[in-house]
Chemist: 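Pasting a structure here, questions to come.
Remember, it's a predicted structure, so these values are computed and weren't measured experimentally.
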Amino acid sequence: MTSVSNRVVQYIERHGLLKASGKYIVALSGGADSVALLLLLRTLGYCVEAAHCNFHLRGAESDRDEDFVKNLCNRHDVPLHLVHFDTKEYASLHKVSIEMAARNLRYAWFNQLASDIHADGICVAHHRNDSVETLLINLLRGTGIHGLTGIRPLNGNIIRPLLCLSRAEIEQYLHSIGQDYITDSTNLVDDVVRNKIRLNIMPLLREINPSADECIQQTAERISDAIAVYDNAIEASVKRVSYSKDNCLHIDISKLISEPSPECVLFKMLSSFGFSPLQIENISSNLYLPTGSIFSSYNYDLLFDRGEIVVCEKHAPMKPFKIPEPGIYVSGGLKWRVQQVPVDDTFTISLDSDVATIDASRVKFPLTIRSVDNGDRFIPFGMKGSKLVSDYLTDRKRSVFEKKSKLVIADSEGDILWLVGERTDNRFRIDDNSKEALILSFERQ
């Protein structure tokens, strides 16, 4: 067994990448890397099947690549799966770059193929140089410490057994066994960022240090180990400073600022809600903003509220819903029940906040369930004078998000019967003269 084979075996074992009894797809382009991957895995005794994508982007070269992999697989008795894509049409239809279109098409097909043939994973031929280039690209983009780990050996069902080898070592291996390969001409032109780094930057770094690739990759592996410790510490911080309530994330600001790095903890929590690094930096630098201050991502709002940061999903106001008569209705993800019952010796008024009991004789149908509007007024139960609904909710220390989510039920004359889940209107209370009661209630589906 060659030294290259030994290193690949050790790398596979160290990272637990492959099972001896497994079946694996090898993404085979026909280039040196994928050809070496296919032959090494086959030599090591793994059950492999090749998969080749013809993206029809390079004219005759694309067809040449397909012919090459067909001949290679025939010579080595490896099952081959082929697919053809109209990549330019896909890119135009989905408004993405050609590179992103090819990537999306390739991996979607690989995953479907893996399912169809019951493969245990998809092996791709990224090597050490690719990982170093990825690290430098991420460094230039400012992607944070997780971007400084380069390419990982295992990501879901995507397996990279050759990250322990350089491109030069792969080419030397193929030369030693007399195996040819093809070259993608687009890799020789510095028209994209990766190619600029590969063709221009890396040669300069190797002039400074001939072992630049290996040193950068070793640093990336050390960063990966450090990130494991970092992630564990950040997760512990998140648990200390936050909790979930009513489908919203609540962050205690006083606890947050006691953490070693509040901004890192915020980034961990807020990036998953679509907030940008710039927004998170701004929030972190202004943790004492007044109550009511709001930041927004595409799908979420972030609110400063009495010593807390609250993150909730955006919700459009509820479309008004009519209730023509007593019965059971479904609207806004809620089941509404409207019952009319006699007020007799067995009658009792529910104390449940999700139930309202009012005098039926004073109610005029149809009823309307809707979101709170600016200027809405009612007379809270037990009071004589009217009050703005917004002021009532402020007095009850309800946040901006809670105010936006509140509903009212009004009768045909527009009078509010019930601020749902909060309080009924005093004008519709049950008293000694009440003969029939209207019971309004709701439950979440």
Chemist: Considering all heavy atoms of both residues, which atom of V338 and which atom of F365 are nearest to each other, and what is their separation?
Modeler: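 Answer, listing the atom of V338 first, then F365: CG1-CZ, 4.3 Å.
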Chemist: Pairing donors with acceptors under 3.5 angstrom, does anything connect the side chains of K403 and T394?
Modeler: yes
Chemist: Within the supplied structure, the quantity of interest is the number of heavy atoms (other residues, nucleotides, ligands) at a distance under 6.0 Å from N247 CG; does it exceed 12?
Modeler: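 Counting other residues, nucleotides and ligands, CG of N247 stays at 12 neighbours or fewer.
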Chemist: Report the C-alpha distance between T219 and L135 in whole Å, list the side-chain angles of each, state the deciding distance to 0.1 Å, and finish with yes or no for side chain to side chain contact (heavy atoms under 4.5 Å, CB included).
Modeler: CA-CA 10 Å; T219 299; L135 184 153; over 6 Å; no
Chemist: Can we say R370 and D376 salt-bridge, meaning some charged N sits less than 4.0 Å from an Asp/Glu carboxylate O?
Modeler: yes
Chemist: With side chains defined as the heavy atoms from C-beta onward, is the minimum distance between N374 and S390 less than 4.5 Å?
Modeler: no
Chemist: Are the side chain of T291 and the backbone N or O of R306 linked by a donor-acceptor pair below 3.5 Å?
Modeler: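 Checked: pair present.
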Chemist: Applying the side chain to side chain contact (heavy atoms under 4.5 Å, CB included) test to I409, which of I358, I369, I416, T368 qualifies?
Modeler: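 Result for side chain to side chain contact (heavy atoms under 4.5 Å, CB included) with I409: I369.
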Chemist: Could you tell me how the ring of W418 sits relative to the ring of W336: parallel (under 30°), tilted (30 to 60°) or perpendicular (over 60°)?
Modeler: perpendicular
Chemist: Do you know which two heavy atoms are closest between I379 and G385, and how far apart they sit?
Modeler: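 Closest pair (atom of I379, atom of G385, distance): CG2-O, 3.7 Å.
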Chemist: Any heavy-atom pair between the side chains of S166 and E214 that's under 4.5 Å?
Modeler: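 Answer no - side chains too far apart.
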Chemist: Which pair of heavy atoms, one from L105 and one from Y90, lies closest together, and at what distance?
Modeler: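 Nearest pair, atom of L105 first, then Y90: CD2-CD1, 3.6 Å.
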Chemist: As an exercise, state the distance from CD of E89 to NE2 of H56, rounded to the nearest 0.5 Å.
Modeler: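 Here the rounded value is 13.5 Å.
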Chemist: Does the side chain of V343 come within less than 4.5 Å of K435's, by heavy atoms?
Modeler: no
Chemist: So does K268 have more than 12 non-hydrogen atoms from other groups sitting under 6.0 Å from NZ?
Modeler: no
Chemist: Let me see the working for D415 and R362 under salt bridge (charged side-chain N to carboxylate O under 4.0 Å, His left out), right down to the final yes or no.
Modeler: CA-CA 11 Å; D415 292 324; R362 302 176 189 179; over 6 Å; no
Chemist: Find the distance between CG (N195) and CG (N200) and round it off to the nearest 0.5 Å.
Modeler: 9.5 Å
Chemist: Quick one: CG on L249 to OG on S272, what's the gap to the nearest 0.5 Å?
Modeler: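 These two atoms lie 8.0 Å from each other.
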Chemist: Would you say N286's side chain and L289's backbone share a donor-acceptor pair under 3.5 angstrom?
Modeler: no
Chemist: Any luck finding a side-chain donor-acceptor pair between Q112 and D116 under 3.5 Å?
Modeler: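 Checked: Q112/D116 side chains pair up, N/O donor to acceptor below 3.5 Å.
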Chemist: Would you indicate whether L351, at its atom CG, is surrounded by more than 12 heavy atoms from other residues, nucleotides or ligands within a distance under 6.0 Å?
Modeler: no
Chemist: First locate atom CG of L162, then atom CG of N129, and finally report the distance between them rounded to the nearest 0.5 Å.
Modeler: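 Output value for this atom pair is 11.5 Å.
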Chemist: How about D231 and H146: does a side-chain donor come under 3.5 Å of a side-chain acceptor?
Modeler: yes
Chemist: Taking the side chain from Y24 and the backbone from K19, do they hold a donor-acceptor pair closer than 3.5 Å?
Modeler: yes
Chemist: Mind checking whether L266 and I251 have side chains closer than 4.5 Å, heavy atoms only?
Modeler: yes
Chemist: Can you confirm whether more than 12 heavy atoms, excluding those of K314, are under 6.0 Å from its NZ atom?
Modeler: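 Buried by this count: over 12 neighbours within 6.0 Å.
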Chemist: Side chains of S131 and R128 only: does a donor on one sit below 3.5 Å from an acceptor on the other?
Modeler: no
Chemist: Between the side chain of H84 and the main-chain N/O of N54, is any donor-acceptor distance below 3.5 Å?
Modeler: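 It does not hold such a pair.
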Chemist: Please check if any side-chain donor atom of D65 sits under 3.5 Å from a side-chain acceptor atom of S62, or the reverse.
Modeler: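 The answer is no; no qualifying pair exists.
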Chemist: Would you compute the distance between atom CZ of R429 and atom OG of S434 and round it to the nearest 0.5 angstrom?
Modeler: 8.5 Å
Chemist: Working note: R396 + E402, criterion salt bridge (charged side-chain N to carboxylate O under 4.0 Å, His left out); need CA distance, chi angles, decisive distance, verdict.
Modeler: CA-CA 11 Å; R396 300 281 292 175; E402 290 174 308; over 6 Å; no
Chemist: Indicate whether the side chain of D301 and that of S296 have a donor and an acceptor atom separated by less than 3.5 Å.
Modeler: yes
Chemist: So, D130 and R198, do they make that salt bridge, N to O below 4.0 Å?
Modeler: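 Looking at R198 together with D130, the answer is yes, because their closest N to O distance falls below 4.0 Å.
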Chemist: If I take atom OG from residue S258 and atom CD1 from residue I253, how far apart are they, to the nearest 0.5 angstrom?
Modeler: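 Rounded to the nearest 0.5 Å, the OG-CD1 separation comes out at 12.0 Å.
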Chemist: Heavy-atom count check: over 12 atoms from other residues, nucleotides or ligands less than 6.0 Å from K255 NZ?
Modeler: no
Chemist: Can you name the nearest heavy-atom pair linking S34 to A27, along with the distance?
Modeler: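 In terms of heavy atoms, the two residues are closest at CB-O, 3.3 Å.
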Chemist: Can we say R398 and E422 salt-bridge, meaning some charged N sits less than 4.0 Å from an Asp/Glu carboxylate O?
Modeler: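 So R398 pairs with E422 through a salt bridge.
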Chemist: Keeping S237 on the side-chain end and A233 on the backbone end, is there a donor-acceptor pair under 3.5 Å?
Modeler: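 It does hold such a pair.
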Chemist: I'd like to know whether Y392 forms a side chain to side chain contact (heavy atoms under 4.5 Å, CB included) with V389, so could you lay out the CA-CA distance, the side-chain angles of the two residues, the decisive distance to 0.1 Å, and finally the verdict.
Modeler: CA-CA 5 Å; Y392 174 84; V389 170; 5.5 Å; no
Chemist: Are V265 and V238 side-chain neighbours, meaning at least one heavy-atom pair lies under 4.5 Å?
Modeler: yes
Chemist: Does the side chain of Y107 come within less than 4.5 Å of C53's, by heavy atoms?
Modeler: no
Chemist: What's the shortest heavy-atom distance between L17 and P153, and which atoms?
Modeler: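 Closest heavy-atom pair between L17 and P153: CD2-O, 3.8 Å.
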Chemist: If you count the non-hydrogen atoms of other residues, nucleotides and ligands that lie under 6.0 Å from CZ in F381, is the total more than 12?
Modeler: no
Chemist: Which heavy atom of A437 sits nearest to which heavy atom of T357, and what is that distance?
Modeler: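 Reported closest heavy-atom pair: CB-CG2, 4.1 Å.
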Chemist: Any Lys/Arg nitrogen of R427 or D411 sitting under 4.0 Å from an Asp/Glu carboxylate oxygen of the other?
Modeler: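 D411 and R427: not salt-bridged.
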Chemist: Report yes or no: does D120 contribute a side-chain atom to a donor-acceptor pair with the main-chain N or O of G22 at less than 3.5 Å?
Modeler: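 Not at all, since once roles are kept as given, no pair shorter than 3.5 Å links the two residues.
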Chemist: For D395, is there an ion pair with K387 - N to carboxylate O distance below 4.0 angstrom?
Modeler: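 D395 and K387: salt-bridged.
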Chemist: Classify the ring geometry of F295 against F304: parallel below 30°, tilted from 30° to 60°, perpendicular beyond 60°.
Modeler: tilted
Chemist: For A220, is there any backbone N or O sitting under 3.5 Å from a side-chain donor or acceptor partner on S224?
Modeler: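 Checking the backbone N and O of A220 against the side chain of S224, a donor-acceptor pair under 3.5 Å is found.
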Chemist: If you count every heavy atom of other residues, nucleotides or ligands that lies below 6.0 Å from M383 atom CE, does the total exceed 12?
Modeler: yes
Chemist: Looking at side-chain heavy atoms only, is the closest gap between L440 and V420 below 4.5 Å?
Modeler: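 They are not in contact (no side-chain heavy atoms under 4.5 Å apart), so the answer is no.
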Chemist: Given side chains that start at C-beta, do those of L302 and I280 come closer than 4.5 Å, heavy atoms only?
Modeler: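 L302 vs I280: side chains apart.
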